[in-house]
Amino acid sequence: MIEVRRSGERYPGGDPMAGIDSFHAFSFGPYYEPDNLRFGALLACNEEHLAPGAGFDEHPHSHTEIVTWVVAGELTHRDSEGHESVVRRGDVQHLSAGAGVRHVERNAGPEPLTFLQMWLSPRAPGGPPSYAIVHGIADSTPYAVPAAGALLHVRRLTPGERTALPDAPSVYVHVVHGEVALADEELGMGDAARVTGEQGLDVVAYGGRAELLVWEMS
């Protein structure tokens, strides 16, 4: 089964007066849709837009695997475990909240910042928090989130190029840039597909270069 969710269907949130615009693919905060709580291990896929100087003050997380992908600009991160980093386009940031951690996320740069933040449910709660960042991840190197039984694949396609989706019980495809065809569906920037129990599927870029984030979940 392939279920397509369009970019325009996401629920708007954030605090526009503070320079924060958020768009939620799943039930999140005050937005509650009982049939849209999660997909596989994925609990959230939030598109965040931060104006220069805007950000999220220190706040807590627990029992969540948080993976961040910068679309444009740069994200400054600092957490209660002493990690500080600047995340840029092409980097994968992973904060495993464990039993509890606090962090700050801010656009300290001069340009507007757009990033995707994806939350996954761990198979077992608790444990010590941890932090990792991979700079400039390659298409051929999936990023593993073993605590959630998930792999993140980054796919950058030239016009007409084709890539196979993993044959996994649950696959989540998010189009970061460009336009692609998946089976009988055409997906544009910000669109997503939730794929369940399918095998042998390909995604094809058309009309320009495309960038995809593909979650493979067991």
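As a basis for the values below, the full set of heavy atoms in this structure was taken, side chains included, without hydrogen atoms, waters or symmetry mates. Numbers here are sequence positions counted from 1.
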Problem set entry | Pairs flagged by salt bridge (Lys or Arg N to Asp or Glu O under 4.0 Å) wherever residues 89-107 is involved - sequence neighbours left out | D57-R106, E58-R102, R89-E211
Problem set entry | Aromatic centroids of H83 and H77 separated by under 6.0 Å | no
Exercise. Any side-chain heavy-atom pair from Y131 and S85 closer than 4.5 angstrom?
Worked result: yes
For this session: Report yes if some heavy atom in the side chain of E216 is under 4.5 Å from a heavy atom in the side chain of Y172; otherwise report no.
Result: no
Exercise. Looking at side-chain heavy atoms only, is the closest gap between H103 and L95 below 4.5 Å?
Worked result: yes
Exercise. Given the rule that I, L, V, M, F, W and Y join up when any side-chain heavy atoms are under 4.5 Å apart, are L75 and V101 in one cluster?
Worked result: yes
Problem set entry | From N36 atom CG to R10 atom CZ, the distance as rounded to the nearest 0.5 Å | 12.0 Å
Exercise. Are R38 and F28 in a cation-pi setup, meaning NZ or CZ lies under 6.0 angstrom from the ring centre and within 45 degrees of the ring axis?
Worked result: no
Problem set entry | Within-4.5 Å side-chain heavy-atom neighbours: L201 and L182 | yes
Exercise. Should the pair E161-R155 be classified as a salt bridge under the 4.0 Å nitrogen-to-oxygen rule?
Worked result: no
Problem set entry | Lys/Arg N to Asp/Glu carboxylate O, R88 vs E74, below 4.0 Å | yes
Exercise. Of the non-hydrogen atoms in A41 and A148, which two are nearest, and what is the gap between them?
Worked result: CB-O, 3.7 Å
Problem set entry | Side-chain donor or acceptor of H63 paired with backbone N/O of G126 under 3.5 Å | yes
Exercise. Side chains of Y11 and S27: is there a donor and an acceptor less than 3.5 Å apart?
Worked result: no
For this session: State plainly whether one hydrophobic cluster holds both M118 and M189, where clusters connect Ile, Leu, Val, Met, Phe, Trp and Tyr through side-chain heavy atoms under 4.5 angstrom apart.
Result: no
For this session: For R78, look at atom CZ and say whether over 12 heavy atoms of other residues, nucleotides or ligands are found less than 6.0 Å away.
Result: no
Problem set entry | L152 side chain reached by I137 side chain, heavy atoms, under 4.5 Å | no
For this session: Carefully, step by step, assess E186 and Y206 under the rule side-chain contact (heavy atoms from CB on, under 4.5 Å).
Result: CA-CA 10 Å; E186 295 182 354; Y206 67 92; 3.3 Å; yes
For this session: Would you mind reporting whether L213 and L116 have side-chain heavy atoms less than 4.5 Å apart?
Result: yes
For this session: Quick one: closest heavy-atom pair of A193 and L187, and the distance?
Result: CB-CD1, 4.0 Å
For this session: Determine whether more than 12 heavy atoms belonging to other residues, nucleotides or ligands lie under 6.0 Å from atom CZ of R6.
Result: yes
For this session: Output yes when a side-chain donor or acceptor of D15 lies under 3.5 Å from a complementary backbone atom of G19, and no otherwise.
Result: no
Exercise. Are R156 and D139 ion-paired here, with the side-chain N under 4.0 Å from a carboxylate O?
Worked result: yes
Exercise. Do the side chains of L120 and I66 join up, straight or via other hydrophobic residues, at under 4.5 Å, putting them in one cluster?
Worked result: no
Problem set entry | Of L42, L43, T64, the residue whose pairing with S121 passes side-chain contact (heavy atoms from CB on, under 4.5 Å) | L43
Problem set entry | Heavy-atom pair with the smallest gap, counting every atom of V214 and P166 | CG1-CD, 3.9 Å
Exercise. Any idea how H59 and H61 line up, ring-wise: parallel (<30°), tilted (30 to 60°), or perpendicular (>60°)?
Worked result: perpendicular
Problem set entry | Pair Y143 and H94, ring centroids less than 6.0 Å apart | yes
For this session: State, to 0.1 Å, how close S140 and P142 come at their nearest heavy-atom pair, and which atoms those are.
Result: O-CD, 3.4 Å
Seminar exercise, completed: When every non-hydrogen atom of R123 is compared with those of P146, the smallest separation belongs to NH1-O, 4.3 Å
Exercise. Any link between F39 and W69 through a network of hydrophobic side chains (Ile, Leu, Val, Met, Phe, Trp, Tyr) touching at under 4.5 Å?
Worked result: yes
Problem set entry | Q117-T68 side chain donor-acceptor pair, cut-off 3.5 Å | yes
Exercise. Is there a side-chain contact between F56 and L50 (heavy atoms, below 4.5 Å)?
Worked result: yes
For this session: Kindly indicate, with the supporting measurements, whether the criterion side-chain contact (heavy atoms from CB on, under 4.5 Å) is fulfilled by V180 and V175.
Result: CA-CA 8 Å; V180 301; V175 181; 4.0 Å; yes
Exercise. Less than 4.5 Å apart, any side-chain heavy atom of I133 and any of V92?
Worked result: no
Exercise. If you group Ile, Leu, Val, Met, Phe, Trp and Tyr by side-chain heavy-atom gaps below 4.5 Å, do V67 and F26 land in one group?
Worked result: yes
